[in-house]
Amino acid sequence: MATWVHEIEIPENMRPYADATIARVSYLWPDVAFEFLVDSIKATAAANQDLTKLNRDLRYGLYRAKIQSEHKELKDSLYRAVFG
Amino acid sequence: MKTWPLNFRNSADGSVLFCDEAGGFFRSSEAFLERYAMGNLNNDDTEFLLRQGHAFSSEGDFQYVAFASRWANRVTPWSDLSYVILVPTLRCNLRCDYCQVSRVTEHATGFDWSSEELTRVINLLDGLKTKSIKIEFQGGEPLLNLADLQKVRDFCRSRFDHSEFVICTNLQSVTAEAWAFLDAADTHISTSFDGSDANHISGRTKTQAVHDEFEANLRNAISRFGTERVSALPTIDVNNPPAPEEVIRSYVNFGFQSIFLRRVNFQGFARKAYTFHEENQLWKSYYRRFITAIIAYNSVNEYKIEEFYLAHLLRRIFRGGHHNHVDLRNPNWLGADYLVIDYDGRLYPTDEARMVTRIGKMDLSIGSLKEGVDNDKLELLNAEVSINFNPDCMLCPYQAFCGSDIVDDLSRYGRIDLPKGQTYHCRSHLDLFDLAFELIYSDDGKVKSSLAAWLGVPDFCSDLAPSLS
């Protein structure tokens, strides 16, 4: 069976969010296996995938994971401010 | 400066929509997204974010408190029971193709409240803390059990400071006693009209003679009570929908200003008689044609009309505090301020839960008048009614305006833990919010005119649709 492989390089400041990103894109792309390889995410599948969409989902996934992580404390402060 | 977290979504025109969790939004670009995510905001960005309320200088300052206030106003507060749907009978004098619940024939026995159940209903109402009550009578056809309606209404008027009654009736056969009952100023009529005579006859009344009787009763109700006290909504079969223009013309002719477009409901027995695959795309296409037709109608008429649900979503987008429509709110507490009591005394968190139970899909009752509320079951259901911490919803730009519908999830998938993005509720609301934001950012003067009417503002000015280049 033909194997489709794609690797996307992850900038250093985004690497802490690679695991969270993989957790999310794995369910959005159930036919693709993702693996974090030090400075990149490797995607493997049995058939060709929509590369433009996959790249965008990975990039957005990294953005979202970073935004959520960086704002966690702020959201906690909001809940304290509203609910006491 | 600190920025509140922004969620984002690509728009059809290539721009990116950003929303914060208090409901503030703006449109910008991929370039801004990268600057924001990578922590490289420029001076124009920070000035814009501060001015628009998406950022603050220090915790506790004016901008921080204002954001917290807007955010809190998006949260549906827990409140005491004050809205009760009562089903005094399952008997009905019509046999609609898409009847949602298990109606029985007009003269069947054993499908009305017993005197013991009626006493228990009154006792439950008597024990409520609220001073203001809204009672909605559903069926079957509730006017077939007029005596019980009268007893409940008399009791509520004497027990509560304020009471309001909605009779969900097919207006098919209204006796002189029923007209006298409906005459009261605190009593409203909610009926169904499927948008065109042909569709209403096909789905409900079956013959022209029966249809004429319904139409005469609807006209009589409107002339006696006005559209302030009479409302109607169409049920649409997406495989045989009436032309949007015809629905609009018919509703306007009756004097209605608001049309709540509803498709045949999946929850009840209709799922056995109707096909629902591909229905989402068909419905999406029909719904968009309908909104386009309403906007065209409004552009040449003084008398502006709305599609209720889209107008409701737009109001939720622009203002917090719209928690009264129980189908869309967050958290959508079950068994709290709203309860359904069936003809047999069983309690349900929503009318859809009653439908799901009636077809034998699963038992979503939460107790009975006799045995009380099943708090363990209610607690289980209420564990998933907030979307604030759902892994899909917390990344969605529409979170501040949306809500959960676990009864729909249970009904369709038998579980509540499916990823939200794979649920019908999520997909259909993504489509609806996408449409709402398309309209908000439209340059078309006709669209702006309708938006102004739906939102109750003199003009829909560009400040209401902020953009950052």
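Proteins get letters first, then strands, A, B, ... in listed order; numbering begins at 1 in each.
Both the backbone and the side chain of B:D392 come within contact range of chain A, judged by heavy atoms closer than 4.5 Å. With a threshold of 4.5 angstrom between heavy atoms, A:F83 approaches chain B through side-chain atoms but not through N, CA, C or O. Interface residue B:E34: backbone and side-chain heavy atoms are both found under 4.5 Å from chain A. Residue contact with chain A, scored on non-hydrogen atoms closer than 4.5 Å, involves the side chain of B:Y64 exclusively.
B:E379 CD: 12 or fewer foreign heavy atoms inside a 6.0 Å radius.
B:R70 places a side-chain N or O within donor-acceptor distance of the main-chain N or O of B:G53, the cut-off being under 3.5 Å.
When each of B:N388, B:V65, B:N10, B:N7 is scored by its heavy-atom pairs under 4.5 Å with chain A, the top score falls to B:N10.
For the pair B:E30 and A:R59, the salt-bridge criterion is met [side-chain N within less than 4.0 Å of a carboxylate O].
When each of B:R329, B:H322, B:H323 is paired with B:T76, the side chain to side chain donor-acceptor pair (under 3.5 Å) condition holds for B:H323 and for no other.
Nearest heavy-atom pair across B:F25 and B:P466 is O-CG, 3.2 Å.
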